[in-house]
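The block underneath contains the structure these notes are about, expressed in structure tokens.
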Amino acid sequence: QLQLVESGGGLVQPGGSLRLSCAASGFTLDYYAIGWFRQAPGKEREGVACIRYSRSNTNYSDSMGHFTISRDNAKNTVYLQMNNLKPEDTALYYCAANTMRSVCIIPIARHEYDYWGQGTQVTVSS
């Protein structure tokens, strides 16, 4: 059974950093494109960043320049390093796998991703 589990969220002050992890089980991440998404209360879920299997091709949505996506194939895990966090980064963050086409392209579209984790909450507040 394919499963994704996010971790690493929490409460952080503005300007702080967090690293989110997305651990996979039941499949090998390096075969697929993996994306990070976020959803703030009352807003649509939006794509943040994606990374495409072994070539490590990455893409970021606009205004996500303070985030860095990476992967560790040996640990079957994808990370999202978030620096200089702002209150507007507060959201539930999800990782997802694109097993159908395995592409990492802009826009990072929700409908391209078919397996999802449950999310990890990030709150940026003083």
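No experiment lies behind these values; they were computed from the predicted model shown.
Taken to the nearest 0.5 Å, the CD1 atom of Ile51 stands 9.0 Å off from the CD1 atom of Ile34. Between atom OG of residue Ser17 and atom CG of residue Asn84 there is a gap of 7.5 Å, rounded to the nearest 0.5 Å. Remark: Ile69 CD1 to Thr58 OG1 distance equals 7.5 Å, nearest 0.5 Å. Taken to the nearest 0.5 Å, the SG atom of Cys95 stands 14.0 Å off from the OH atom of Tyr115. Taking CG of Asn98 as the start and OH of Tyr113 as the end, the distance is 5.5 Å to the nearest 0.5 Å. Atom CG of Leu18 sits about 6.5 Å away from atom CG of Leu20, to the nearest 0.5 Å.
Residue pairs meeting the side-chain hydrogen bond (donor to acceptor under 3.5 Å, both in side chains) criterion with at least one partner in residues 2-12, sequence neighbours excluded, are absent. For residues 97-126, the disulfide bond (SG atoms under 2.5 Å apart) pairs, not counting sequence neighbours, are Cys50-Cys104. Applying the salt bridge (Lys or Arg N to Asp or Glu O under 4.0 Å) test to pairs two or more places apart or on separate chains, those with a residue in residues 82-92 are Arg38-Asp89.
Under the salt bridge (charged side-chain N to carboxylate O under 4.0 Å, His left out) criterion, Arg101 pairs with Glu112, sequence neighbours left out. For Thr68, the side chain to side chain contact (heavy atoms under 4.5 Å, CB included) partners are Tyr60, Gln81, not counting sequence neighbours.
Taking every heavy atom of both residues into account, Thr90 and Val124 meet most closely at OG1-N, 2.9 Å. Across every non-hydrogen atom of Ala40 and Ala91, the tightest pair is N-CB, 3.8 Å. Minimum interatomic distance between Arg71 and Leu29 (heavy atoms only, all atoms of both residues): NH2-O, 2.6 Å. Pairing each heavy atom of Thr77 with each of Ser21, the nearest pair is CG2-CB, 4.1 Å. Taking all atoms of both residues into account, the shortest heavy-atom contact from Ser125 to Pro14 is C-CD, 3.6 Å. Residues Cys22 and Trp36 approach most closely at CB-CZ2, 3.6 Å, considering heavy atoms.
Remark: the backbone N or O of Thr28 is not paired with any side-chain donor or acceptor of Asn76 at under 3.5 angstrom. The backbone N or O of Ala33 sits less than 3.5 Å from a side-chain atom of Ser102, completing a donor-acceptor pair.
The hydrophobic cluster containing Val12 also contains Tyr93, counting ILVMFWY residues as joined when their side-chain heavy atoms lie under 4.5 angstrom apart, directly or transitively. By the rule that hydrophobic residues join a cluster once side-chain heavy atoms approach within less than 4.5 Å of another member, Leu11 and Leu92 end up as members of separate clusters.
Residue Gln118 places its CD atom among 12 or fewer non-hydrogen atoms of other residues, nucleotides or ligands, all under 6.0 Å distant.
A tilted orientation is assigned to the rings of Phe27 and Tyr32, their planes being inclined by 30° to 60°.
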| What's the verdict on side-chain contact (heavy atoms from CB on, under 4.5 Å) for Ile108 and Ile106, showing C-alpha distance, side-chain angles and the deciding distance? | CA-CA 5 Å; Ile108 303 169; Ile106 295 296; 3.9 Å; yes
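Grouped with Ile105 in one hydrophobic cluster are Val103, the linkage being side-chain heavy-atom contacts under 4.5 Å among Ile, Leu, Val, Met, Phe, Trp and Tyr residues.
Residues Leu85 and Asn83 form no side-chain contact, since every pair of their non-hydrogen atoms from C-beta on lies 4.5 Å or further apart. For the pair Met100 and His111, the minimum side-chain heavy-atom distance is 4.5 Å or more.
Taking the ring centre of Phe37 as origin, the terminal cationic atom of Arg110 falls outside the region bounded by 6.0 Å and 45° from the ring axis.
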